[in-house]
Amino acid sequence: MKIFYKTRATATGGRSGHTQLDDGSLGFDLVSFQEEGKEGVNPEQLFAMGFAACFDSALNMTAQQMKLPIASSKTSTQVGIGMKADGSYNLDLDIYVEVSGIDETKAQELVEAAHKVCPYSNATRGNVDARLHVTVV
């Protein structure tokens with residue numbers, strides 16, 4: 001695989017610690033999802049943000065390749081964490097896409113095609129349950 005970009009982040013203190021990019025440009029105090037009301041973010045929130053941005057980018061690139069004249073798009077990713085039957089933890093994903101400028105059939109085809117090229121989708125495929133939700137606005 002030809003690598004186009006790499007970044008590095010470091011975390012200390014686990015879910016109740018701190019994480020930041022090694023170049024110092026962005027950092028967050030972390031809290032567990034179980035620590036409601038405490039200031040900070042949790043890893044699932046950060047993953048949801050990255051996934052949503054990456055998927056929306058893949059969607060727009062795929063629309064251009066498919067020559068679909070979308071007027072706008074918005075991607076929201078809901079990330080859950082839970083325990084599997086064997087006692088291990090895993091993520092759960094719902095990907096919500098709103099698109100305008102094309103009909104429902106084309107929108108569904110577009111989202112499914114974007115799901116095949118998005119790096120986050122490819123990284124989680126087969127490991128994480130993911131559901132696609134498409135709305136034409």
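Computed from a predicted structure; not experimentally measured.
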* Does some side-chain heavy atom of Val111 sit less than 4.5 Å from a side-chain heavy atom of Phe55? -> yes
* Validation row: Leu46, Leu30 side chains within 4.5 angstrom (heavy atoms) -> yes
* To do: Indicate the atoms forming the closest heavy-atom contact of Ser32 with Asn42, along with that distance.
  => C-CB, 4.5 Å
* **Partner set under side chain to side chain donor-acceptor pair (under 3.5 Å) for His18, not counting sequence neighbours** => Gln20, Asp29
* Flag the pair Leu21 / Thr7 as yes when at least one side-chain heavy-atom distance between them is below 4.5 Å, and no otherwise. => yes
* Structure fact -> Distance col, row Ser73:OG vs Asn60:CG, nearest 0.5 angstrom, shows 4.0 Å
* Asked: Is it the case that more than 12 heavy atoms not belonging to Met66 sit under 6.0 Å from its CE atom?
  -> yes
* Less than 4.0 Å between a side-chain N and a carboxylate O, is that true for Asp23 and Arg8? -> no
* Structure fact -> Between Val137 and Glu98, the two heavy atoms sitting closest are CG1-OE1, 4.0 Å
* To do: State which residue, out of Leu68, Val117, Ile95, Leu110, fulfils the side chain to side chain contact (heavy atoms under 4.5 Å, CB included) condition with Leu59.
  => Leu110
* **More than 12 heavy atoms from other groups under 6.0 Å of CG on Asn122** => yes
* **Pair Gln108, Glu112: side-chain N/O donor-acceptor within cut-off below 3.5 Å** => yes
* **Any Asp92 side-chain heavy atom under 4.5 Å of Ile81 side chain** => no
* Asked: What closest approach, in Å, do Ile102 and Pro69 show between heavy atoms, and which atom pair accounts for it?
  -> CG2-CD, 4.0 Å
* Crowded around Gln65 CD? As in, over 12 foreign heavy atoms under 6.0 Å? -> yes
* Asked: Within the distance-only criterion (no hydrogens, no angle test), does the side chain of Thr124 pair as donor or acceptor with the backbone N or O of Ser121 below 3.5 angstrom?
  -> yes
* **SG on Cys54 to CZ on Phe47, rounded to 0.5 Å** => 9.5 Å
* To do: Output yes when a side-chain donor or acceptor of Arg125 lies under 3.5 Å from a complementary backbone atom of His115, and no otherwise.
  => yes
* List the atom of His133, the atom of Asp94, and the distance in Å for their closest heavy-atom pair. => NE2-OD1, 2.6 Å
* **Qualifying residues under ring pair (Phe, Tyr, Trp, His ring centres under 6.0 Å), relative to Phe28, sequence neighbours excluded** => none
* Asked: Between Asp129 and Arg131, does a side-chain contact (heavy atoms from CB on, under 4.5 Å) hold up when you go through it step by step?
  -> CA-CA 7 Å; Asp129 289 335; Arg131 290 159 301 280; 3.7 Å; yes
* Which pair of heavy atoms, one from Thr62 and one from Ala114, lies closest together, and at what distance? -> OG1-CA, 3.8 Å
* Provide the closest heavy-atom pair for Ala63 versus Ile70 in the form atom of the first, atom of the second, distance. => CB-CD1, 3.9 Å
* To do: Please round to the nearest 0.5 Å and tell me the distance separating atom CG of Asn127 and atom CG of Leu91.
  => 10.0 Å
* Structure fact -> One should read off an interatomic distance between Thr77 OG1 and Leu93 CG, to the nearest 0.5 angstrom, of 7.5 Å
* Phe33 and Arg15: side-chain contact (heavy atoms from CB on, under 4.5 Å), yes or no, with the steps? -> CA-CA 9 Å; Phe33 62 87; Arg15 288 181 169 273; 4.1 Å; yes
* Side-chain donor or acceptor of Ser88 paired with backbone N/O of Lys84 under 3.5 Å -> no
* To do: Hey, could you give me the OH/NZ distance between Tyr96 and Lys74, rounded to the nearest 0.5 Å?
  => 12.5 Å
* To do: Rounded to the nearest 0.5 Å, what's the gap from SG on Cys118 to CE on Met61? Could you check?
  => 9.0 Å
* Is it true that the side chains of Ser72 and Ser100 contain a donor and an acceptor less than 3.5 Å apart? -> yes
